[in-house]
Amino acid sequence: MRAAQLQGERCTQVEVDHIFCTVAQARSARLGFSAMLHALSIIAHQLYPDEPTPAAAYHELLGEHLLAWMMQLEHALAAKLVSTPPASHLFGRHAAALQRVFEIYLATAVQPVVPAVAAHPAALLQWPQFALFAADFELAPAFASWAQLARWFCHVGTCVADEAWHAPESHGATLAQFTLLLGWAALEQPDRPAASDEPPGSPAYAKAKSLFAHMFRSKGAVHCGLGVLGAGMGAGS
């Protein structure tokens with residue numbers, strides 16, 4: 001509750017304790033997932049008393065607050081992945097390949113094209129272009145679902161129409177944002193035991209390495225001529 005900034009005048013610490021006891025039936029008990037959702041529904045009703053129904057209040061809490069907060073946490077983790085050694089070394093080592101891929105798909109004609117995105121001063125990769133890249137490099141569903149990719153694109157990309165912030169078509173991605181999206185995709189992989197050649201204690205490195213190995217084996221790598229730039233990825237270079 002504190003981390004998600006849900007406590008305040010409408011839902012104090014005392015009320016949070018009371019809700020916990022009501023749902024858990026005992027102060028020392030733990031909440032299961034269904035019980036946690038029940039508690040959140042009670043909290044939603046307190047935070048949004050003007051909503052006509054409890055369901056509407058719950059939808060408001062999830063859609064306007066909790067989901068956005070969770071996305072911000074994932075965004076911060078992805079940014080840390082691509083900027084912190086040793087995983088950042090992989091992104092730096094393959095920066096030329098990523099720029100080449102970005103420029104190829106930026107120049108690819110797709111429909112529909114949003115004029116506002118195309119007219120932006122920065123070179124922005126549009127959603128249809130990014131979706132084509134994700135299909136060619138087999139990111140979906142291997143690393144993320146299409147719905148996840150669309151949400152990430154909205155959160156990371158540059159929005160050109162505030163009223164349509166939830167639509168990926170109203171966003172575009174710079175090269176830096178494109179790289180961050182790849183970091184986000186890498187983090188979606190489940191943790192696995194580290195290989196003998198990986199730095200100790202660096203699951204993010206293992207995930208980034210797996211992402212690049214997957215990309216350089218895809219049909220997109222052939223399309224973009226990444227054979228030389230991606231040489232040795234399967235061996236973890």
Novice: Would you please test Gln72 and His155 for side-chain contact (heavy atoms from CB on, under 4.5 Å) and show each step?
Specialist: CA-CA 8 Å; Gln72 289 171 357; His155 192 82; 3.9 Å; yes
Novice: Rounded to the nearest 0.5 Å, what's the gap from CE on Met215 to CG on Asp136? Could you check?
Specialist: 11.0 Å
Novice: Would Cys11 and Met1 satisfy side-chain contact (heavy atoms from CB on, under 4.5 Å), going step by step from the backbone distance to the final call?
Specialist: CA-CA 10 Å; Cys11 193; Met1 289 291 292; 4.0 Å; yes
Novice: Do Trp146 and Trp184 belong to the same hydrophobic cluster, where Ile, Leu, Val, Met, Phe, Trp and Tyr are linked whenever their side-chain heavy atoms lie under 4.5 Å apart, directly or via other members?
Specialist: yes
Novice: Taking Ala144's backbone N and O only, do any of them form a donor-acceptor pair with Glu188's side chain (distance below 3.5 Å, no angle check)?
Specialist: no
Novice: Other members of the hydrophobic cluster containing Trp165, with the 4.5 Å side-chain heavy-atom rule, please.
Specialist: none
Novice: Is there a path of hydrophobic side-chain contacts, each under 4.5 Å between heavy atoms of I, L, V, M, F, W or Y residues, that connects Leu139 with Val101?
Specialist: yes
Novice: Please check if Leu66 and Ile19 belong to a single hydrophobic cluster, counting links between Ile, Leu, Val, Met, Phe, Trp and Tyr side chain heavy atoms closer than 4.5 Å.
Specialist: yes
Novice: Nearest 0.5 Å, what's the NE2-CD distance between His214 and Gln189?
Specialist: 9.0 Å
Novice: Cut-off 3.5 Å, no hydrogens considered: what does the side-chain donor-acceptor table look like for residues 77-84, sequence neighbours left out?
Specialist:
| unit_1 | atom_1 | unit_2 | atom_2 | d |
| --- | --- | --- | --- | --- |
| Ser83 | OG | Ala79 | O | 2.7 |
| Thr84 | OG1 | Lys80 | O | 2.9 |

Novice: How many angstroms lie between atom CG of Leu90 and atom CZ of Phe212, to the nearest 0.5 angstrom?
Specialist: 6.5 Å
Novice: Please examine the side chains of Pro128 and Pro112, heavy atoms only from C-beta on, and report whether any two atoms are closer than 4.5 Å.
Specialist: yes
Novice: Going hydrophobic residue to hydrophobic residue with side-chain gaps under 4.5 angstrom, can you get from Tyr205 over to Leu211?
Specialist: yes
Novice: Please tell me whether Phe130 and Phe153 form a close aromatic pair, meaning their ring centres lie under 6.0 Å apart.
Specialist: yes
Novice: Is Val110 reachable from Leu106 through a run of I, L, V, M, F, W or Y residues, each pair having side-chain heavy atoms under 4.5 Å apart?
Specialist: yes
Novice: Which atom names give the shortest non-hydrogen contact between His120 and Val160, and what distance separates them?
Specialist: CD2-CG1, 4.1 Å
Novice: Does the side-chain contact (heavy atoms from CB on, under 4.5 Å) test come out yes or no for Phe137 and Phe216, once each step is laid out?
Specialist: CA-CA 8 Å; Phe137 281 83; Phe216 282 107; over 6 Å; no
Novice: Between Gln177 and Thr158, is a side-chain hydrogen bond (donor to acceptor under 3.5 Å, both in side chains) present by the stated rule, with each step listed?
Specialist: CA-CA 9 Å; Gln177 292 165 342; Thr158 300; 3.1 Å; yes
Novice: Please check if the side chain of Arg100 supplies one atom and the backbone of Cys224 the other of a donor-acceptor pair under 3.5 Å.
Specialist: yes
Novice: To the nearest 0.5 Å, how far apart are CG in Leu187 and CG in Leu182?
Specialist: 11.5 Å
Novice: Check Pro168 against Cys154 and note the closest heavy-atom contact, atom names and distance.
Specialist: N-SG, 3.4 Å
Novice: Are Phe178 and Phe133 an aromatic pair, judged by ring center distance below 6.0 Å?
Specialist: yes
Novice: Sequence neighbours excluded, which residues qualify as side chain to side chain contact (heavy atoms under 4.5 Å, CB included) partners of Pro85?
Specialist: Ser88, His89
Novice: Mind checking side chain to side chain contact (heavy atoms under 4.5 Å, CB included) for Val114 and listing every partner two or more places apart, or none if nothing turns up?
Specialist: Ala116, Val117, Gln126, Glu169
Novice: Examine distances only and state if a side-chain atom of Thr22 and a backbone atom of His18 form a donor-acceptor pair shorter than 3.5 Å.
Specialist: yes
Novice: Could you pull out all residues at least two apart from Ala147 that satisfy side chain to side chain contact (heavy atoms under 4.5 Å, CB included)?
Specialist: Ser145, Arg151
Novice: Working note: Phe20 + Val16, criterion side-chain contact (heavy atoms from CB on, under 4.5 Å); need CA distance, chi angles, decisive distance, verdict.
Specialist: CA-CA 6 Å; Phe20 187 97; Val16 170; 5.6 Å; no
Novice: Just distance, no hydrogens or angles: give the donor-acceptor pairs under 3.5 Å from side chains in residues 31-50, sequence neighbours left out.
Specialist:
| unit_1 | atom_1 | unit_2 | atom_2 | d |
| --- | --- | --- | --- | --- |
| Ser41 | OG | His38 | O | 2.5 |
| Gln46 | NE2 | Arg10 | O | 3.1 |

Novice: Which distance, rounded to the nearest 0.5 Å, do you find between the CZ of Phe143 and the CD of Gln148?
Specialist: 12.5 Å
Novice: Closest approach of Thr179 and Phe91, non-hydrogen atoms and distance?
Specialist: CG2-CD2, 3.7 Å
Novice: Can you find a pair of side-chain heavy atoms, one from Leu61 and one from Leu6, that are under 4.5 Å apart?
Specialist: yes
Novice: Compare all side-chain heavy atoms of His171 with those of Trp127 and state whether any distance is below 4.5 angstrom.
Specialist: no
Novice: In Å and rounded to the nearest 0.5 Å, what is the CG to CD1 distance from Leu132 to Ile104?
Specialist: 11.5 Å
